[in-house]
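Reviewing the structure listed below.
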Amino acid sequence: MTARPMAPAARPLYGAPMPNDLYDRDVLAWSEHQADLLRRLARGERVNDLDWEHVVEEIEDVGLSELHSVQSFLNLMLVHLLKIFVSPEDQAVNHWRGEIVAFQKNAARRFSPSMRQRIDLSALYDEALEQIEALGERGGQLRSWPAACPFTLDELLRGKWDVLVDSLNAAATTHPNPAP
């Protein structure tokens, strides 16, 4: 007794030809199909349906997504450090400290050495200052935040939150007391 081939409707999705617009309509189904084709290619099978253009794009996007994730966590750290700098007596300070630690752990976990040359701390710091100013914060009358980022990438990825706050405070510009 010979096995009958599966009817087209019962054939698994990855075995059916893929429509040309699947990438745009259902990226999950597209990615599963492309992964199956790549595994088959790796086993030495000949495959014809690989969507090389989108596969290459997606591979590049994976790395960029990780880079953007690390940059986002660093930006959030800087914003929270500046919040503590501007309002050290605020009731939310303990929450901000906890957030700094969480953002740092997430950034460090996703960081890879090739990102070092792509992370612009100056730009991230400027964005954080812009965010703080949009919240209505301007720094105190007797001191202002540093014009340039006072941290290195390694300090942000590994430094203790209290050392980071101390570095920010030490780099702050102190203005003389205004005359009464």
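What you see below is based on every heavy atom in this structure, not just the backbone, and it leaves out hydrogens, waters and symmetry mates.
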Side chain to side chain contact (heavy atoms under 4.5 Å, CB included) involving Leu28 - partner list, sequence neighbours excluded: Asp26, Ser31, Glu32

Once side chain to side chain donor-acceptor pair (under 3.5 Å) is applied, do any residues pair with Glu57, and if so which ones, sequence neighbours excluded? none

If we only count heavy atoms from C-beta on, is the Val93 to Arg97 side-chain gap below 4.5 Å? yes

Can you sort out the partners of Arg46 under salt bridge (Lys or Arg N to Asp or Glu O under 4.0 Å), two or more places apart, ordered by chain and number? none

Identify the two heavy atoms, one from Ala147 and one from Asp126, that lie closest to each other, and give their separation to 0.1 Å. O-OD1, 4.4 Å

Nearest heavy-atom approach of Phe111 to Val70 is N-CG2, 3.7 Å

Taken to the nearest 0.5 Å, the spacing of Leu78 CG from Trp145 CH2 works out to 12.5 Å

Run the salt bridge (Lys or Arg N to Asp or Glu O under 4.0 Å) test against Arg116 and tell me which residues pass, sequence neighbours left out. Asp154

If you compare all heavy atoms of Val79 against all heavy atoms of Ile132, which two are closest, and at what distance to 0.1 Å? O-CD1, 3.6 Å

Listed once per pair and sorted, the ring pair (Phe, Tyr, Trp, His ring centres under 6.0 Å) pairs that draw on residues 146-165, sequence neighbours left out: none

Suppose we screen for salt bridge (Lys or Arg N to Asp or Glu O under 4.0 Å). Which residues come up paired with Glu60, at least two apart in sequence or across chains? none

Not counting sequence neighbours, which residues clear side chain to side chain contact (heavy atoms under 4.5 Å, CB included) with Ser112? List them please. Ser114, Met115

Point-to-point distance, once rounded to the nearest 0.5 Å, from CD1 of Ile59 to CD of Gln34: 10.5 Å

With side chains defined as the heavy atoms from C-beta onward, is the minimum distance between Leu121 and Leu124 less than 4.5 Å? yes

Check for a donor-acceptor pair, side chain of Ser69 on one end and backbone N or O of Ser65 on the other, with a separation under 3.5 Å. no

Common cluster, Leu135/Leu76, ILVMFWY with side-chain heavy-atom separation under 4.5 Å: yes

Locate the shortest heavy-atom distance separating Pro146 from Ala172; write the atom from each residue and the value. CG-N, 4.0 Å

Atom pair NE2 (His68) and CZ (Phe73), whose distance is rounded to the nearest 0.5 Å: 14.0 Å

Can you check whether Val165 reaches Phe85 side chain to side chain, under 4.5 Å on heavy atoms? no

Ile119/Leu67 under side chain to side chain contact (heavy atoms under 4.5 Å, CB included): CA gap, chis, key distance, verdict: CA-CA 8 Å; Ile119 294 174; Leu67 173 64; 3.9 Å; yes

For Val27, which residues count as a side chain to side chain contact (heavy atoms under 4.5 Å, CB included) partner, sequence neighbours excluded? Tyr23, Trp30

Which heavy atom in Pro150 sits nearest to a heavy atom in Tyr125, and how many Å separate them? CD-CE1, 3.8 Å

Nearest 0.5 Å, what's the CG-CD distance between Leu81 and Glu99? 12.0 Å

Indicate if Val47 and Trp52 have the same hydrophobic cluster label, given that clusters are the connected sets of ILVMFWY residues with side-chain heavy-atom separations under 4.5 angstrom. yes

Taking salt bridge (Lys or Arg N to Asp or Glu O under 4.0 Å) as the definition, give me every residue that meets it alongside Glu66, ordered by chain and number, with sequence neighbours left out. Arg110

Find the distance between CG (Asp36) and CG (Asp49) and round it off to the nearest 0.5 Å. 10.5 Å

Contacts satisfying side-chain hydrogen bond (donor to acceptor under 3.5 Å, both in side chains) that involve residues 72-86 (not counting sequence neighbours) are Asn75-Gln131

Check: Asp51/His54 side-chain N/O donor and acceptor closer than 3.5 Å: yes

Does Asp162 have any side chain to side chain contact (heavy atoms under 4.5 Å, CB included) partners at least two apart in sequence or in another chain, and if so, which? Lys160

Is a donor on one side and an acceptor on the other found under 3.5 Å between the side chain of Ser87 and the backbone of Asp90? no

Counting heavy atoms not belonging to Glu45, are there more than 12 under 6.0 Å from its CD? yes

Test item: Ile84 and Leu168 side chains (from C-beta on) under 4.5 Å apart, heavy atoms: no

What pairs of donor and acceptor atoms, side-chain ones from residues 100-107 against any protein atom, are under 3.5 angstrom apart with sequence neighbours left out?
| residue | atom | partner | partner atom | Å |
| --- | --- | --- | --- | --- |
| Gln104 | NE2 | Leu156 | O | 3.0 |
| Gln104 | NE2 | Gly159 | O | 2.6 |
| Asn106 | OD1 | Arg109 | NH2 | 2.7 |
| Asn106 | ND2 | Ala102 | O | 3.1 |

